[in-house]
Amino acid sequence: MPIQQSDVLYTAVATAQNGRDGRVATDDGKLDVLVNPPREMGGSGDGTNPEQLFAAGYSACFQGALAVVARQEGADVSGSTVTAKVGIGRNEDGFGIIVEISAEIPGADESTARALIEKAHQVCPYSKATRGNVTVTLV
């Protein structure tokens, strides 16, 4: 269920100049990066790119969701890591993305880890935002 404007606790503000071949910065100055297409897409690859930024945000958000569900389940996810791989490619509308999420949870057996990852995918705001629009695979 979508939140309403009155429910917003924080709003991130970022401004891009020159799209995929320029600069992206947040209004508070904490993020200010050069953005360039990767070499695989004909760019210089000198800066970061939107897919890397999305992967960074998604992995951090998913890690937070994993911690929330672990607390609810009484599970230990200390020392865990979450990796998001974001691919971009052509589709019938031009371009689309695909995501693969993996997590290493040293304190959990395989079946517990899998259950926690699946539950985290249900509550992670990035997962909710992509559901039905982007193929997300949990590995």
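Start at 1 with the first residue, then count along the sequence.
Once rounded to the nearest 0.5 Å, the distance linking OG of Ser59 with CD1 of Ile101 reads 7.0 Å. Atom SG of Cys124 is separated from atom CG of Leu66 by 10.0 Å, given to the nearest 0.5 angstrom. Once rounded to the nearest 0.5 Å, the distance linking OG of Ser102 with CD1 of Ile117 reads 8.0 Å. For the atom pair Leu9 CG and Thr11 OG1, the distance stands at 9.0 Å (nearest 0.5 Å). Note that the OG atom of Ser80 and the CD atom of Gln63 stand 4.0 Å from one another [nearest 0.5 Å]. Interatomic distance, Asn49 CG to Ile88 CD1, rounded to the nearest 0.5 Å: 8.5 Å.
Annotation: side chain to side chain donor-acceptor pair (under 3.5 Å) contacts of Glu118 (sequence neighbours excluded): Arg114. With sequence neighbours excluded, the residues satisfying ring-ring contact (aromatic ring centres under 6.0 Å, His included) with Tyr58 are Phe54, Tyr126. In terms of the side chain to side chain donor-acceptor pair (under 3.5 Å) criterion, Arg131 has no residue partners (sequence neighbours excluded).
Under the 4.5 Å side-chain heavy-atom criterion for ILVMFWY residues, a single connected hydrophobic cluster contains both Val136 and Phe95. Both Val134 and Phe62 are members of a single hydrophobic cluster when ILVMFWY side chains are connected at heavy-atom separations under 4.5 Å. Cluster membership for Met41 and Ile98, using ILVMFWY side-chain heavy atoms within less than 4.5 angstrom, is not shared. A continuous path of ILVMFWY side-chain contacts below 4.5 Å connects Ile105 to Leu138, so both sit in one hydrophobic cluster.
Within the structure, salt bridge (Lys or Arg N to Asp or Glu O under 4.0 Å) contacts touching residues 48-66 (residues at least two apart or in different chains) are Arg20-Glu51. The stretch residues 22-31 participates, sequence neighbours left out, in these side-chain hydrogen bond (donor to acceptor under 3.5 Å, both in side chains) pairs: Arg23-Asp32, Thr26-Asp28. For residues 86-112, every residue pair satisfying the salt bridge (Lys or Arg N to Asp or Glu O under 4.0 Å) rule, not counting sequence neighbours, is listed here: Lys85-Glu100.
Residue Lys119 comes nearest to Glu73 through the heavy atom pair NZ-OE2, 2.9 Å, listed as atom of the first residue, atom of the second, then distance. Annotation for Asp76 and Ser78: closest pair OD1-OG, 2.6 Å, computed over non-hydrogen atoms.
A heavy-atom distance below 4.5 Å is found between the side chains of Val8 and Ile3. Side-chain atoms of Val69 and Val123, non-hydrogen and from C-beta on, do get closer than 4.5 Å to each other. Proximity of Asp21 to Val35: side-chain heavy atoms (C-beta onward) are nowhere separated by under 4.5 Å. Side-chain contact between Leu116 and Val77 is present, with heavy atoms from C-beta onward closer than 4.5 Å.
Here the side chain of Thr112 pairs no donor or acceptor atom with the backbone of Ala108 at under 3.5 angstrom.
A donor-acceptor contact closer than 3.5 angstrom is absent between the side chains of Asn36 and Asp46.
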